[in-house]
Asker: 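Please read through the structure below; I'll follow up with questions.
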Amino acid sequence: MTQPFRIKGAGTLPHTRTIQFTFDGQSYEGYEGDTLASALLANGVHLMGRSFKYHRPRGVVAAGPEEPNALVGITRDRARHTPNVRASVQELYDGLNATSQNRFPTLNFDIGALNSLMSPFFPAGFYYKTFKWPAKAWDALYEPFIRRAAGLGEAPTESDPDRYVNRFAHCDVLIIGGGAAGLAAAQAAAEKSQSVILCDENPAMGGWLLADSDIQIDGQTGAQWAANMAAELATRDNVRLLTRTTGFGYFQHNMVGLVERITDHQARPEPSQPRERMWQVRAKQVVIAQGSIERAMVFPGNDRPGIVLAGAAQKWLNQYGVSVGSRIGVYTACDTAYAAAFDLHEAGIGIEVIVDYRKVVDETILAQAREHKIEVVLGATVAQTTGRLRINGMQVKTATGEQKEFDIDALLMSAGWTPSLHLYSQSRGKPVWDEASQRFLPGESPQDCICVGGCTGTDSMEQVLAEAERALGNKPRKFDIEDDVSTDGGIIGATGNSTEKGKAFVDFQNDVTAKDIALAVREGMHSIEHVKRYTTNGMATDQGKLSNMHGLAIAANLLKKPIPEVGLTTFRPPYTPTTFGSFVGHTRGPLFDPERKTPIHDWAVENGADFEPVSLWQRAWYFPRAGETMHEAVDRECRTTREIAGIFDASTLGKIEVTGPDAAAFMNIMYTNSWDKLKAGRAKYGIMCREDGFIYDDGVVGKLSDTRFHVTTTTGGAPRVLNHMEDYLQTEFPEMKVWLTSTSEQWATIAVQGPKAREIIEPLVTGADISAENFPHMSVVECKVCGVPARLFRISFTGELGFEINVPADYGRSIWDAVWRRAQPLGACAYGTEAMHVMRAEKGYIIVGQDTDGTVTPHDAGLSWAIAKSKPDFVGKRGMMRPDLVREGRRQLVGLKTSDPGKVLEEGAQIVEDPEQPVPMKMLGFVTSSYWSGTLGKSIALALIEDGSLRLGETLYVPMADEIIEVEVTGTVFYDEKGERLHG
Amino acid sequence: MKNFSALSLAREAMRGHKGWEKHWRSPEPKKQYDIIIVGGGGHGLGTAYYLAKEHGLTNIAVLEKGWLGGGNTGRNTTIIRSNYLYDESAGLYNHSLNLWETLSQELNYNVMFSQRGVMMLAHNVHDVQSAQRHIHANRLNGVDNQWLTPQQAKDYCPPLNISKDCRYPVMGAALQRRGGVARHDAVAWGYARKASAMGVDIIQNCEVTGINRAPSGEVTEVETTRGTIGAKKVGIVAAGHTSVLMEMAGVRMPLESYPLQALVSEPVKPVFPCVVMSNAVHAYISQSDKGELVIGAGTDSYLSYSQTGSMHILQHTLDAIVELYPMFSRMKMLRTWGGIVDVTPDRSPILSKTPVKGLYVNCGWGTGGFKATPGSAHVFAHTIAKDAPHHINEGFTLDRFRGGRLIDEAAAAAVAH
Amino acid sequence: MAKSPKATRVLPNQDHLTSNAFVTLEAAPAASRISLRASPRGAAAFAKNIGFDLPAKPSTSKSKSGVVALWLGPDEWMVFSESEPEKSLQPRRDHREYSATDISHRNTAYIVSGSGAQATLNSSCPRDLSQATFPVGACSRTILGKAEVILYRTGKEKFRVECWRSFAPYVWGLLVSGAQDANL
Amino acid sequence: MLLIHCPYCEADHPELEFANAGEAHIVRPREMSNMSDEDFEAMFFIRDNPKGVSLERWRHVHGCGRFFNALRHTVSDTFLKVYKAGEARPSNDEIAKLIK
Ligand SMILES: Cc1cc2nc3c(=O)[nH]c(=O)nc-3n(C[C@H](O)[C@H](O)[C@H](O)COP(=O)(O)OP(=O)(O)OC[C@H]3O[C@@H](n4cnc5c(N)ncnc54)[C@H](O)[C@@H]3O)c2cc1C
Ligand SMILES: NC(=O)c1ccc[n+]([C@@H]2O[C@H](COP(=O)([O-])OP(=O)(O)OC[C@H]3O[C@@H](n4cnc5c(N)ncnc54)[C@H](O)[C@@H]3O)[C@@H](O)[C@H]2O)c1
Ligand SMILES: Cc1cc2nc3c(=O)[nH]c(=O)nc-3n(C[C@H](O)[C@H](O)[C@H](O)COP(=O)(O)O)c2cc1C
Ligand SMILES: [Zn+2]
């Protein structure tokens, strides 16, 4: 028989569409609108999981997001496996494929359950006390064992093919929770023409109204009223209704994160649909209407499958038309469980007994029980339950100490309701203890937010609705309400002698019992935070939605302290577990970070370049020809450049236009060099320091006119250099008439280097004489190249005759092509960053960030000549004078020559005086740059070495893992020391 | 102190675990102590322990404003490694790593130190150069650290995405096999238990609100929410709150306190065997023994004492995690939290005497001091007891910023952790 | 001397065009652009060249005869024109009270239009782009994902998105992704 | 993500457009070379780092580009005041009033 526990006439599901699904390979049927849990329950399946530590059989206990036990894996295909899905909220769809977790080999028979027998040895914190000997065994033996036993579901194993999207949104009022309170608040706000977002985590608005068959509002059932309210709100332009949308985090300045689940309930989602949508909402006002969550009773044996929250049973009946059993017991300390029992009874289900922990209960309720002919035992406790994979009986201890046994197949429990303060607390609000009702309630709101409804402890529907309206500044309007359900009562903490005997679970998922909490307290864990961490109470995937208050009360009781003094643990985002993908959105692959390419990039691709990432940029690294290794290609590029010419895409260099009457004065402040004497039309190498005197950036600066500089920076340094300049300009020297503009991307930069460089470009240039006499090394001119306005530099980073052509970037490719058409027939080549690095190292030119790090001064780098001695001030001047920056023994940049010219040192290799000394060795410095120089037929290297400039000619050693390399300290220039080629 | 062992556990199991004692005593504060340690995190408790154990000083109180271990000790991603570049740092962190290896036995408390290896990814040529520089320096300093190719990195950590079409492809990794993780809470509890047993008074819910000095300048007592307590020497070990405390003694600090966040996923069966860090894309991840992925996020850009951070910081972190481990996109965040980290200008700690006689400070651990807990505590105890630094912490002075003798790991490489 | 070849201008995003029922994304045509940084006197001086006063209120724009001036900061404007993309808007260089720097090629632009335009942008832009706070004519530098952009609302359902040229593929990627989710 | 009022844009904008730029009102002397090591240390390294009201600089870097100053409470993260660069540091009395 299918769905034996589906109750005819009960619930609001239409029963029009039957849905097939599987659980652990077994096929079942349910109805459209079911959750996985309600459908399994309809089929009489309670056992849905195994607990974390003891592997005890566990059934579903809750009908909402607070569910701690019924976590399953949902698999759509190989790449779409989601672990730890709560069966209580997973909506059923055709073909849904769920498997239980944390059991081997099967859910019914799990070897791990042996742990349960060993449980006396595994109390809270047992692992701190043991597994210490022998020392190595922890890694090798104990830990792998513990790790395998722990964990719940299996992580997905393949890249997630689903799409996630993000939306920033703004509104006047954001309402979290679409129960009666949220709906009323939304309507009130909407009527005031405010822009409203209302979200609820469920598929439909209504909250508790959907579960309660007794409430009537304005002549409609609660469910009808909610549906009509939602429909009415949906018609308004200023309201956005978001179902299946959880408010998971309340951040600073009224920013709330919502996550909307779009396809997880669908059998065949449209491929165009994202799986989830993240909403980052900035609201002027936030209304929190989260409602409340029912607590379980803490008593020995309270975790058997078949033992469920009373409210959940009521919801399953009234919404889904499912009964949790046929011979049902109730154990409660709160009036609401009676309503659940009555509803079930009216649906024809046997209620064996209501065991009420309280001695006194309102007479009207007792009268109703009598009408239903249900036995009520007051002032009693459930002492134990029986049944292996499903409850089959319970022992009740009456007020007089009498033992009674009941045969049951399900047990409803209710210890009362905990107002949901999660988001309120995250907004940095402080919950306040209410002694009368024994619960924490929202206190003052530090942000612009207000709590309404069940989460403020308001119980009657009439007050809930009035409160919601008042929150929005409205005069409450009159609803016509019929609601005879009382929510009185409740208990926090364990019942009976749970802290002494038996396993009375507080945190179901983490297998924390009342005894564990008692043990923690006994061991000195007196702060609730210590109790939490020692026992792991409240640290499971439900984050203590059922357990925190009980844990707190048990600890407080043992400590003999009032509850507020013991205090709550901190509520943290997310409210319910939230998919990583939803945070990531489209920030994957190419959209993870911008990938910047120059206008000439495609040419490099077409010509087979390998690329090197430098900050966000992709730069052509080298251009291997068929069959060439990187090494061979770089050798060839260097040789060709030095013998003929090479062209190089230098467009990524940062460029800043510094203009204004005070431009030179400003440059004097920002750079170590002096800019006073530089003539228009000339260029200079500049060094920039931070105030601490260490090198920050460098680059060639061209002076275009007395009031205009074309400043270049390193590729990665461009943004921070501009920021650094703006900072000084705006805040230290606001009186200076200087303006800064980033032109990094305005210009494409083509370096043409080598003996034939001039021959290559000359025909392309108009409006300038670029002869050796009239355009010497370190010149700059504004002219035209291929007919477009250009800035032409005569500079060289290779040591050869060289030019850098700057042209407006949209022309970059076209002009590169023109240069190439001239260069290629002459036998020139394109070269990449690696050849550029080799050639500049041959010349002893530094690369900031490679030959320097943030601890190198210009003096250390051998650049003292670039520091203006006479300037009264520049950024870094004072810093450079500090005792440690002028002491002896600083590391200075030198060249290294290996004894074996064929030996190329490793960059980063360390240098010592005595390679035979024991470890730890005294290191003098390290290799910053090292290459094979094809031009010189030997290796070359630069290094930072203690007192390097005093060590020229000294022999030092580079101890490698497998050899010791002998080196001689040299100057930093290896090639054309006189600089003749450059001036050609 | 009752011994913790498999045997004692078995014995207690037979009698319902009734015989366990309190981990630490909770005495009322005395009027006067020889030494007061302010801050009941791992470093503070450890300092008290080593003062007692190695220097025979037991008239000590550890004052903690909240619950012990509730500061950054209780909220960090527990990455432990020692492959730092500079001699000073390598010396300090390796000293610590050596102590970690026998800490469980020494404290008779299982701190679950798990040497599963810490791998640091390189994503560009600069990263590779920097990693090589570390590896070479480490070798000559006796610190293990080795280079892995992308494939070797993937073999070591199968979930890693080493495909070339990743936005930042993995170009290799530096692996310190001795590195790993430990159970953060247990470190605090283990030190507290042992220190308490040796006579140290651990006083929780006791916030220091003032530091009083004699006319001649030396510290004499601290004011607390539980009264004034005299002390000959005071050690400040208060992480993010150091500036606030030192201000009470009139010392201004080179520190800034930022919120640093971390998060855990829901627990899953073992999938992630080691610790992996990537400075370039900012992602730090390991899997705890309980099964959650433990993920370190970045700091916010502004000062804050709020122990919470911004959502976009979490986003950036998860962006990076999913980019490197695309299979984790369907995993769910279970909880996120923040700590307040105290950052020095050179990102290295301060373990030092101060201009005030009798006042010592241990701070500036920023985003990476958990790993240093035993080593830092050990040499700081020495510094207090002898009124002079241990040779291992000689360089980590408070006044190094004046002369400029920084220990700038950050400038040389990237962030700590 | 051989006659030098003529260069051709290629926009970084010129083939970018797509649309769905809610939004159309397209590359804007080539434009002439100036980054103007100026003292108040400089702003007045520059205004003479374009024939209208620069907008003085934060986040506002002004335009005349195809020349548009966007307020970007208290001393900063972007002035652009699509009508004569090769003609410089920079009348004279090295003025003592302002700096007018050609950024025609530094920037490139997209036009995002349609009922889903705002939603498309808000998939990666954290700004409140509702008409109440960002009306037609409003403009501002802001961010789109990890790229800096200038947004300029040219119509109720139409925006111009300026970005640096190398960010164009990324910005395009974000817009395309946003457009897929623009139907609400 | 904070919501920050820019005194130049005269509007609230998301933190993602801003960059924090450290402590405000640190004076950089015009005669740097004459500074003592102590003064240099104080200027470049020593920070108030208050648990309370922080006087700090922000730059609306992805907006109007301007640096400005703010008073922000470092426990609640709420802004008490923002003002333009160059404007005087609020007096302690004014700060005390703002906290209330
Ligand atoms: C999210 C995050 C991730 C991290 N990840 C790592 C990592 O992976 N690896 C790593 O090595 N490090 C990491 N760290 C850093 C590491 O946590 C810290 O450096 C380290 O724990 C500091 O220990 P502590 O004992 O000095 O400080 P804490 O543990 O913070 O202890 C300081 C104590 O001082 C107390 N205190 C403060 N003011 C007062 C007062 N007035 N009176 C009395 N008591 C006071 C505080 O309450 C606190 O308990 C991380 C930090 C964070 C926040
Ligand atoms: N057994 C009972 O009779 C019983 C039980 C509970 C509540 N009630 C009554 O219900 C009324 C409370 O109405 P209400 O509107 O305050 O609460 P509610 O519980 O009806 O509605 C709250 C809604 O908010 C949703 N929600 C909670 N957190 C959320 C989040 N972070 N993101 C998105 N959605 C979230 C919940 O799923 C629920 O749908 C009261 O009158 C109360 O007495 C009765
Ligand atoms: C390594 C590590 C693992 C953690 N694992 C969990 C966990 O499994 N479940 C959980 O709820 N919290 C976990 N936490 C977070 C703590 O619950 C808590 O958020 C953190 O200690 C900060 O404290 P606070 O949130 O109370 O401020 C973990 C924290 C750390 C440092
Ligand atoms: Zn602004």
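Letters A, B, ... mirror the listed sequences (proteins, then strands); counts begin at 1. No experiment lies behind these values; they were computed from the predicted model shown.
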Asker: When heavy-atom pairs shorter than 4.5 Å are enumerated against chain C, which of A:Asp817, A:Asp593, A:Val807, A:Asp706 gives the highest number?
Answerer: A:Asp593
Asker: Taking side chain as everything from C-beta outward and backbone as N, CA, C, O, which of these in A:Asp662 sits under 4.5 Å from a heavy atom of chain C? Side chain, backbone, both or neither.
Answerer: neither
Asker: At a heavy-atom distance under 4.5 Å, which candidate from A:Arg163, A:His601, A:Arg240 has the highest pair count against chain C?
Answerer: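 When all of A:Arg163, A:His601, A:Arg240 are compared, A:Arg163 has the most.
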Asker: Looking at OG1 of C:Thr101 and CG of A:Leu740, how far apart are the two atoms once the value is rounded to the nearest 0.5 Å?
Answerer: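 Answer for the OG1-CG pair, C:Thr101 versus A:Leu740, is 9.5 Å.
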Asker: Quick one: closest heavy-atom pair of C:Ser166 and A:Arg596, and the distance?
Answerer: OG-NE, 2.8 Å
Asker: OG of C:Ser35 to CH2 of A:Trp739: how many Å apart, nearest 0.5 Å?
Answerer: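 Nearest 0.5 Å value for the OG-CH2 distance: 12.0 Å.
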Asker: Identify which part of A:Trp279 has an atom lying under 4.5 Å from any heavy atom of chain C, answering side chain, backbone, both or neither.
Answerer: side chain
Asker: If I measure from the heavy atoms of chain A, does C:Asp75 come under 4.5 Å with its side chain, its backbone, both, or neither?
Answerer: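 Answer is side chain: those atoms of C:Asp75 sit under 4.5 Å from chain A.
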Asker: Which answer fits A:Pro590, side chain, backbone, both or neither, if we ask what part of it has an atom under 4.5 Å from a heavy atom of chain C?
Answerer: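 For A:Pro590, the backbone is the part near chain C, not the side chain.
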Asker: Atom NZ of C:Lys6 and atom CD1 of A:Ile815: how far apart are they, to the nearest 0.5 Å?
Answerer: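 Reported value, rounded in 0.5 Å steps: 9.0 Å.
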Asker: State whether the side chain of A:Ser814 and the backbone N or O of C:Thr8 hold a donor-acceptor pair below 3.5 Å, judged by distance alone.
Answerer: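 At least one qualifying donor-acceptor pair exists.
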Asker: For A:Lys597, is it the side chain, the backbone, both, or neither that has a heavy atom closer than 4.5 Å to a heavy atom of chain C?
Answerer: backbone
Asker: Run the side chain to side chain contact (heavy atoms under 4.5 Å, CB included) check on C:Thr133 and A:His170 step by step: do they pass?
Answerer: CA-CA 10 Å; C:Thr133 46; A:His170 296 77; over 6 Å; no
Asker: Sort by residue number and list every residue of residues 110-126 of chain C having at least one heavy atom under 4.5 Å from chain A.
Answerer: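 Checking residues 110-126 of chain C against chain A gives C:Ala119, C:Asn122, C:Ser123, C:Ser124, C:Cys125, C:Pro126.
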Asker: Pair A:Gln746, C:Asp102 - check side chain to side chain contact (heavy atoms under 4.5 Å, CB included), show working.
Answerer: CA-CA 8 Å; A:Gln746 168 68 11; C:Asp102 186 4; 3.6 Å; yes
Asker: Could you check if a side-chain atom of A:Asp810 sits within less than 4.5 angstrom of a side-chain atom of C:Pro12, using non-hydrogen atoms only?
Answerer: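 A:Asp810 reaches C:Pro12 side chain to side chain.
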Asker: Could you tell me if the side chain of A:Phe168 sits less than 4.5 Å from the side chain of C:Leu129, heavy atoms only?
Answerer: no
Asker: Of all the residues in residues 145-153 of chain C, which have a heavy atom that comes within less than 4.5 Å of a heavy atom in chain A?
Answerer: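 Counting heavy atoms that sit under 4.5 Å from chain A, the residues of residues 145-153 of chain C involved are C:Lys146.
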Asker: Identify which part of A:Arg167 has an atom lying under 4.5 Å from any heavy atom of chain C, answering side chain, backbone, both or neither.
Answerer: both
Asker: For the candidates C:Val171, C:Leu174, C:Leu11, which exhibits the highest count of non-hydrogen atom pairs separated by less than 4.5 Å from chain A?
Answerer: C:Leu174
Asker: For A:Ala809 versus C:Arg165, what's the shortest heavy-atom pair and its separation?
Answerer: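 Taking every non-hydrogen atom into account, CB-NH1, 3.2 Å.
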Asker: Answer yes or no: are there more than 12 heavy-atom neighbours, outside A:Arg720 itself, under 6.0 Å from its atom CZ?
Answerer: yes
Asker: Find the distance between OG (A:Ser742) and CH2 (C:Trp164) and round it off to the nearest 0.5 Å.
Answerer: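 The CH2 atom of C:Trp164 is 3.0 Å from OG of A:Ser742, to the nearest 0.5 Å.
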Asker: Which bit of C:Arg33 comes within less than 4.5 Å of chain A, counting heavy atoms only: side chain, backbone, both or neither?
Answerer: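 Neither part.
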Asker: At their closest point, which heavy atom of C:Ser177 faces which heavy atom of A:His586, and how far apart are they?
Answerer: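 Shortest heavy-atom separation between C:Ser177 and A:His586 comes out as OG-ND1, 2.7 Å.
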Asker: So which of C:Glu76, C:Arg127, C:His95, C:Arg96 has the biggest tally of heavy-atom pairs under 4.5 Å with chain A?
Answerer: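 If we count pairs closer than 4.5 Å to chain A, C:Arg96 comes out on top.
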Asker: Which region of A:Trp747, side chain (C-beta onward) or backbone (N, CA, C, O), has a non-hydrogen atom less than 4.5 Å from a non-hydrogen atom of chain C, or is it both or neither?
Answerer: neither
Asker: Output yes when a side-chain donor or acceptor of A:Glu595 lies under 3.5 Å from a complementary backbone atom of C:Tyr170, and no otherwise.
Answerer: no
Asker: Using the rule given for side chain to side chain contact (heavy atoms under 4.5 Å, CB included), can you reason through C:Ile103 versus A:Glu657, listing the C-alpha separation, both sets of side-chain angles and the distance that settles it, and then say yes or no?
Answerer: CA-CA 11 Å; C:Ile103 52 161; A:Glu657 195 96 336; over 6 Å; no
Asker: So, does A:Arg277 use its side chain to make a donor-acceptor pair with the main chain of C:Asp181 at under 3.5 Å?
Answerer: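 No: the side chain of A:Arg277 does not pair with the backbone of C:Asp181.
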Asker: Can you tell me which of A:Thr659, A:Thr707, A:Leu616, A:Leu591 forms the most heavy-atom pairs within a distance under 4.5 Å of chain C?
Answerer: A:Leu591
Asker: Could you tell me if the side chain of A:Thr741 sits less than 4.5 Å from the side chain of C:Arg37, heavy atoms only?
Answerer: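 With C-beta onward as the side chain, the pair touches.
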Asker: Just so I understand: if I count every heavy-atom pair under 4.5 Å between each of C:Pro169, C:Ala30, C:Ser39, C:Ala38 and chain A, which residue has the most?
Answerer: C:Ala38
